[in-house]
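Any value given below was found using the heavy atoms of this structure, including those in side chains, with hydrogens, waters and symmetry copies removed.
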Amino acid sequence: MSRFVRWTAVAVASALLAAGCSGGSSDDGKGGGLSWGRCKATADAPAPSSDWQCATLKVPLDWSKPDGETIGLALIRAKARGDDRVGSLLFNFGGPGASGLSMMPSYAPTVSRLRERYDLVSWDPRGVGASEGVRCRGDKEIQAAESVDVTPDTPAEEKAYFQDAADFGKGCHKDAGKLMAHVSTADSARDMDRVREALGDDRMHYFGISYGTELGGTYAHLFPKKVGRMTLDAVVDPGADTVGHAQNQARGFQRALNGYLESTGQDPREGTRKIADLLRRIDARPLPTATPGRKLTQTLAVTGLTLPLYNKESWPTLTSALDAAERGDGSELLTLADGYNDRAPSGHYGTITHSQRVISCLDDRQRPTATRTKELLPEFEKISPVFGTFLGWDTAGWCHDWPVPGQHDTPEVSAPGAAPVLVVGNTGDPATPYEGARRMADELGKGVGVMLTWRGEGHGAYGSGSDCVDSTVDAYLLDGSVPKDGKVCS
């Protein structure tokens with residue numbers, strides 16, 4: 001089960017093109033010696049159009065040993081269309097664990113204006129996809145784990161929950177080996193600077209979404225003088241620890257659920273109670289579905305609930321799924337959960353949730369105990385009767401008995417001396433609540449963090465229907481026009 005942190009709305013909407021890298025003709029423009037060639041098709045998806053090129057960049061496995069063993073990072077790009085080129089614009093779509101190779105081509109229409117002056121570039125960060133991607137367990141094991149109750153009510157369920165968590169970590173370690181200690185956000189930030197050098201850019205021009213904002217903030221802290229035009233959208237709170245982050249998400253998803261319920265004419269408190277009652281019934285007796293051999297468990301039901309909350313246009317889908325579940329049919333919520341969990345109709349699961357856990361557990365050294373979690377559950381349930389218990393137990397189970405120690409309590413993002421960084425917060429964001437954007441802007445430092453607020457719904461602001469947001473971000477990235485700190489788009 002994955003945490004509610006990914007840029008899932010984009011991940012599910014994309015065709016998940018798994019663009020491999022091939023050799024091919026050398027770069028005919030700026031590229032720092034990278035050998036760019038046509039992107040290859042895979043068994044799961046065709047190659048993107050000929051607009052797109054792929055390359056592999058070697059970086060140190062261990063940045064404390066820069067001349068030691070190397071790993072390959074898979075890159076993808078489409079060249080700028082116009083003649084007045086600023087440079088490369090590097091994208092990270094979140095996760096951690098989202099594949100830039102898969103998502104960049106499908107996201108390109110959203111940022112088509114930016115391509116007039118930028119090469120659009122993304123990559124699979126270390127431990128992800130084509131860049132030494134990690135797979136912690138097989139498809140059959142993942143499906144079998146669906147029966148594990150992640151909000152345990154009995155000693156037996158609690159034992160099974162923590163055993164499954166420990167087994168997952170062991171599987172990751174077996175597959176990743178020594179890479180598992182070198183996939184942190186700081187490692188990837190250092191990789192980004194090597195990418196910048198290889199692309200031939202003096203400054204890092206960057207667009208980070210969701211977890212990509214934490215990665216961007218980390219880069220700004222490590223390389224403040226290399227920051228160019230940087231936009232952070234759907235911002236992860238850099239000041240939140242493990243428990244704080246989970247509580248932030250409980251608040252964010254409950255706010256989104258309240259907004260959804262109000263849009264259907266329901267009282268949020270009564271609607272929330274009704275959904276919580278449904279989840280308790282499913283916990284006691286999972287619902288049948290149209291998929292042979294699979295039932296809708298409480299865990300899958302909560303996961304299915306979250307997906308439509310990422311995007312207001314998906315709210316009618318949630319209404320249909322909830323109505324079906326009330327009638328005793330879990331099929332629609334199961335389909336939504338499968339979309340969130342990156343499960344294809346064939347039963348094959350992607351690896352984004354594996355990479356997410358490997359990276360986040362290396363970053364985070366906090367390991368709340370079951371006892372501590374139980375003490376916090378009433379507070380979580382008060383924040384959200386629907387999502388609180390799930391996210392409360394997650395604080396103890398996510399990195400339980402993890403094979404490698406974590407690195408910090410919260411990431412360091414202070415960047416004195418950096419160029420202005422545009423921080424975009426959405427007041428209705430469920431996965432990365434608005435308060436995190438304000439915290440990021442403050443922690444980047446005075447004169448660095450520039451706050452732009454959108455009073456909207458959904459995960460992320462750019463490309464979500466606000467001309468005000470889009471034109472402000474475009475002016476900043478294309479022309480270097482820094483908006484007034486505190487600007488509000490409604």
Side-chain angles (χ1 to χ4, degrees), residues 1-12 94-95 150-151 209-211 213 234-237 240 242-264 266-280 282 298-319 321-322 325 333 336-337 339-341 353 356 360 376-395 397-398 425-437 456-461 464:
M1 175 51 55
S2 60
R3 281 182 167 177
F4 302 151
V5 66
R6 294 190 275 116
W7 182 245
T8 309
V10 173
V12 174
V150 301
T151 58
I209 301 167
S210 197
Y211 160 78
T213 65
V235 185
V236 176
D237 185 348
T242 294
V243 171
H245 177 66
Q247 291 180 338
N248 284 348
Q249 290 204 313
R251 290 187 189 93
F253 278 101
Q254 186 61 47
R255 284 178 194 163
L257 183 63
N258 291 344
Y260 157 74
L261 291 167
E262 289 175 346
S263 77
T264 64
Q266 300 180 69
D267 173 69
R269 182 170 296 184
E270 177 60 23
T272 294
R273 184 197 62 76
K274 185 178 178 181
I275 293 172
D277 287 345
L278 172 64
L279 292 172
R280 279 190 286 271
I282 294 172
Q298 183 193 43
T299 301
L300 289 169
V302 174
T303 306
L305 280 171
T306 65
L307 184 59
L309 295 178
Y310 275 81
N311 188 322
K312 190 174 182 178
E313 282 66 41
S314 299
W315 287 0
T317 305
L318 179 55
T319 298
L322 285 171
L333 277 175
L336 291 170
Y340 197 102
N341 289 330
T353 56
Q356 181 186 34
S360 62
L376 290 169
L377 283 180
E379 186 175 343
F380 273 95
E381 290 163 0
K382 183 178 180 181
I383 294 170
S384 174
V386 170
F387 303 106
T389 303
F390 182 100
L391 288 163
W393 274 108
D394 181 72
T395 62
W398 184 250
N426 173 12
T427 58
D429 196 313
T432 51
Y434 172 75
E435 291 85 351
E457 297 286 346
H459 189 38
S464 297

Derivation and outcome, side chain to side chain contact (heavy atoms under 4.5 Å, CB included), residues L300 and Y340: CA-CA 10 Å; L300 289 169; Y340 197 102; over 6 Å; no
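- For N426, the side chain to side chain donor-acceptor pair (under 3.5 Å) test picks out no residue, with sequence neighbours left out.
- Proximity of T389 to F380: side-chain heavy atoms (C-beta onward) are nowhere separated by under 4.5 Å.
- No side-chain heavy atom of L336 sits less than 4.5 Å from a side-chain heavy atom of L305.
- Between A250 and G388, the shortest heavy-atom contact is CB-CA, 4.5 Å.
- Summarising the geometry, atom OG1 belonging to T317 is positioned 11.0 Å from atom CG belonging to L333; distances are rounded to the nearest 0.5 Å.
- Looking at every heavy atom in both residues, G94 comes nearest to S210 through CA-CB, 4.3 Å.
- Note on E435 versus R255: salt bridge recorded, some NZ/NE/NH1/NH2 to OD/OE distance being below 4.0 Å.
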Worked check of side chain to side chain contact (heavy atoms under 4.5 Å, CB included) between T303 and N341: CA-CA 8 Å; T303 306; N341 289 330; 3.9 Å; yes
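- Closest approach of I282 to A301, counting heavy atoms only: CD1-CB, 4.0 Å.
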Worked check of side chain to side chain contact (heavy atoms under 4.5 Å, CB included) between V386 and L279: CA-CA 8 Å; V386 170; L279 292 172; 3.8 Å; yes
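- With hydrogens and angles ignored, the 3.5 Å screen pairs a side-chain donor or acceptor of T213 with a backbone N or O of V236.
- Under the 4.0 Å criterion applied to side-chain N and carboxylate O atoms, E270 and R273 are assigned as salt-bridge partners.
- Take D267 and apply the salt bridge (charged side-chain N to carboxylate O under 4.0 Å, His left out) test, not counting sequence neighbours, and it matches no residue.
- Side-chain contact between D429 and F253 is absent, with no heavy atoms from C-beta onward closer than 4.5 Å.
- Once rounded to the nearest 0.5 Å, the distance linking CD of E381 with CG of L376 reads 11.0 Å.
- Looking at D277 and K274, no side-chain N of the basic residue comes within less than 4.0 Å of a carboxylate O on the acidic one, giving no salt bridge.
- The heavy-atom pair separating P385 from A276 by the smallest distance is O-CB, 4.0 Å.
- Side-chain polar atoms of Y211 and T432 form no donor-acceptor pair below 3.5 angstrom.
- Two residues are said to be in side-chain contact when any heavy atoms from C-beta on lie closer than 4.5 Å; I275 and L257 meet this criterion.
- A side-chain donor from one of N258 and Q254 sits under 3.5 Å from a side-chain acceptor of the other.
- Residues L391 and Q247 have side chains not in contact (no heavy-atom distance under 4.5 Å, counting atoms from C-beta outward).
- Residues satisfying the side chain to side chain donor-acceptor pair (under 3.5 Å) test with E457, not counting sequence neighbours, are none.
- V150 has its side chain out of reach of W393: every pair of non-hydrogen atoms, C-beta onward, lies at least 4.5 Å apart.
- A side-chain donor-acceptor contact under 3.5 Å links T264 to the backbone of L261.
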From CA spacing to verdict: side chain to side chain contact (heavy atoms under 4.5 Å, CB included), R251, S384: CA-CA 7 Å; R251 290 187 189 93; S384 174; over 6 Å; no
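- Listed here is the closest heavy atom pair of T299 and F390: CG2-CE1, 4.0 Å.
- In plain terms, the two heavy atoms of P430 and A256 that are nearest each other are CB-CB, 3.7 Å.
- Donor-acceptor pairing under 3.5 Å is recorded for the side chains of S360 and W398.
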